[in-house]
Amino acid sequence: MTVRTRFAPSPTGYLHIGGVRTALFNWLFARRHGGQFLLRVDDTDAERNVAAALRPILDGFRWLGLGWDEGPEVGGPYAPYYQSQRSGRYAEAVEQLLASGAAYRDYATGGEIQAERDTARREKRRFLYSRGWMAETDAAAARFEAGGRRASVRLKMPREGVCAFRDLVRGDVEFEWGLEQDHVVRRADGTFLYHLASAVDDHDFAITHVIRAVEHLSNTPRQLFITTALGYAPPAFAHVPYVAAPGSAEKLSKRKLDRYLRHHEFKAIYDRGAAIAERSRLAVAPETFNPVVVDFYRAVGYEPDALLNYLLLLGWSLDDRTERFTRDEMVARFSLDRINRAAASFDPGKLAAFQERRMQALGIDDRVARATPFLQRAGFVRTPPAEAERARVRDVVQAAGDRIKVAGDVLDYPEFFQADADVAYDGKAFDKRLRKDGAAPLLRRFRGRLAETRPFDAATLERTLHDFVDAEGIRIGQVIHAIRVAVTGKAVGFGLFEGLAILGPDACLARIDRALAQLAS
RNA sequence: GUCCCCAUCGUCCAGAGGCCUAGGAUUCAGCCCUUUCAAGGCUGAGACACGGGUUCGAAUCCCGUUGGGGACGCCA
């Protein structure tokens, strides 16, 4: 029997980072065992589905490189993979449940159910439907319908005994049947609910392993009930713990961005991302520009492999030290039995560390390829880049080295792409390094040396400065900062000589002149 | 409220009775390197929630307490 796993997103418009981890586990498990990983669209709730809300989810999967063997846009032998298009099958299943007595028509109104629920809560016991409006015979149904009521279909759950099953991460699990609800599987309007659809689909799509978030653990008995009532062989279950919020044990939620922003590492990656988005004139939807959502990482230039590697280790480990995994290594080493039982908090700082290492491992060509689109969006480089632009990007990325931690960080160096007159001065740096006694004349004299320096490369420039410093009888620190601010506008940046060489003599001289003029005025 | 689950450095993991004076990663602090900023190197701080058992021996097994969390929909 070949292993088949699935991830079943409902089209909400965004891909949650916790969802990705669950999907990754599914993907890895299927790949590990030479099986198939499929995507199924859980869109039974028409009201909740916004148009085109599946797009960002599929894009996210593609970006991450988590390919699906069957599902939306790729089809497959069991198509369609949209629950909204499988009503025929669900209708059959409901008829079968009804016929076997595993389900019944129910005529209670929402208000009546709510009243029973309220009573139960008042009496401090778990709610259990009285079955007061249950119709098990056509005669009973006719009586209710004569009163204008419409039937939903509920599961007739056992009221005694236990539901026991083995969970691949949690071990043996038991639930008391008597505590289970008579869940609705078909609404009064004839549409079907998740549990029914899920049980039917897992069977129809030949899913062998249901690997999903632990939130679904308590749903398992009712799904098992449906599965067995329908005569299907149940899949194996593996319930993965949820991903908790940074510095907390609460479930990570997209809606609590404001609260997470109080966590300094979370705030740091958010702020960095926001700065990149702003500089690259990226139109960000506040809805998804959120480190809880995968889109965020794509937008600011993270490496998918870094995200995946980090997520893999959030609740799973191989041993006490292996942390770096390539795709192939992940696939080769992954196993369900090393998934933790406790929830794990999302740690943005550690994700950033993985990203940094991954970026460092990339060759210059890859880094240039990652950085270029950000410069294009910011309007610094044309699409496609001119030859000179291409070379400039390469030089800057090379010189910046591992200062570029996410691809969007290349926008920290606009001065290499701007016209001389557009370079902005950092006011504080300008005052500190240029507006002080001796700075201007020193800079002017150095300009003279610079004008004669040839070749204009980093090594020669460095020699030029050292000669200048010796001749003046000063320390290098007395002039180098002034040069940096004059030429780049900033107090910080990569190697000064590399920077000067990249800009070339004309730009360097023009910028020094501009700074000098600014000082004189 | 009812049911269920979880519990090792701030965080993520290792640990399945002696290998643990608890290991790795990340974060943080300090030092080194250095024209700035990064990176890198070195050093350091930092945990078995508590109480009882079981055992020659417990972070590991059992019970309880405490704390934290999840599920309780005609949502998925």
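Throughout, a chain's letter reflects where its sequence line sits, starting with A, and its residues are numbered from 1. All values below come from the heavy atoms of this structure, side chains included, with hydrogens, waters and symmetry mates left out.
As the counterpart of B:rG40, B:rC32 is assigned, both hydrogen-bonding distances of the Watson-Crick or G-U wobble pattern falling under 3.5 Å.
Residue contacts for A:G493: at a heavy-atom cut-off of 4.0 Å it reaches a base atom on one of the strands shown. Residue contacts for A:E323: at a heavy-atom cut-off of 4.0 Å it reaches a base atom on one of the strands shown. Within the nucleic acid shown, A:R170 comes within 4.0 Å of sugar-phosphate atoms alone, with no base atom in reach, counting heavy atoms only. At a threshold of 4.0 angstrom between heavy atoms, the contacts of A:F494 include nucleobase atoms, whether or not backbone atoms are also involved. Residue-level contact check: A:K124 touches the backbone only, with heavy atoms under 4.0 Å from sugar-phosphate atoms and none from bases. Contact annotation for A:K405: backbone-only contact, meaning every heavy-atom pair under 4.0 Å involves sugar-phosphate atoms and none involves a base. Within the nucleic acid shown, A:R341 comes within 4.0 Å of sugar-phosphate atoms alone, with no base atom in reach, counting heavy atoms only. Using a 4.0 Å heavy-atom cutoff across all strands shown, A:R338 reaches sugar-phosphate atoms only and no base atom. Residue-level contact check: A:A151 touches neither bases nor backbone, having no heavy atom under 4.0 Å from any strand. Residue contacts for A:F346: at a heavy-atom cut-off of 4.0 Å it reaches no nucleic acid atom on any strand shown. Residue A:L314 is classed as a sugar-phosphate contact, given heavy-atom separations below 4.0 Å to backbone atoms only. Residue contacts for A:E356: at a heavy-atom cut-off of 4.0 Å it reaches the sugar-phosphate backbone alone, with no base atom in range. Nucleic acid contact for A:R403: base, since at least one base atom lies under 4.0 Å from a heavy atom of the residue. Among the atoms of the strands shown, only primed sugar atoms or phosphate atoms (P, OP1, OP2) are found under 4.0 Å from some heavy atom of A:A344.
Listed candidates were B:rA76, B:rA14, B:rG10. Nearest to the side chain of A:S317 is B:rA14. Distances were taken from every side-chain heavy atom of A:S10 (C-beta onward) to each of B:rA76, B:rG69, B:rC74; the shortest belongs to B:rA76. Nearest to the side chain of A:S345, among B:rA39, B:rC74, B:rC12, sits B:rC12. Of the candidates B:rC6, B:rU36, B:rC72, B:rC6 carries the atom nearest the A:A342 side chain, counting heavy atoms from C-beta on. Set against B:rU26, B:rA38, B:rA76, the side chain of A:D42 has B:rA76 as its closest nucleotide. The side chain of A:D320 has B:rG23 as its nearest neighbour among B:rG69, B:rA38, B:rG23. Candidate nucleotides B:rC37, B:rC74, B:rG70 were compared by shortest atom distance to the side chain of A:V492, and B:rC37 ranks first. When each of B:rA71, B:rU26, B:rU36 is scored by its nearest atom to the side-chain atoms of A:E215, the top-ranked nucleotide is B:rA71. Closest approach to the A:R126 side chain among B:rA76, B:rG24, B:rC3 is made by B:rC3 (side chain taken as heavy atoms from C-beta onward). Proximity note for A:E250 (side chain, C-beta onward) versus B:rC72, B:rG69, B:rU35: the nearest is B:rG69.
Both A:A400 and A:R186 lie close to RNA chain B; mapped to their nearest nucleotides by heavy-atom distance, the more 5′-ward contact belongs to A:A400. When each of A:E462 and A:N340 is assigned the nucleotide of RNA chain B with its nearest heavy atom, A:N340 is the one assigned upstream, toward the 5' end.
With A:D412 as the partner, the salt bridge (charged side-chain N to carboxylate O under 4.0 Å, His left out) test is satisfied by one option alone out of A:K405, A:R403, A:R279: A:R279.
The side-chain tip of A:R357 points at the ring of A:F354 from less than 6.0 angstrom away and within 45° of straight on.
An OP1 or OP2 oxygen of B:rA76 is reached within less than 4.0 angstrom by a side-chain nitrogen or oxygen of A:T44.
Remark: C1' of B:rA38 and CZ of A:R367 are 13 Å apart, rounded to the nearest angstrom.
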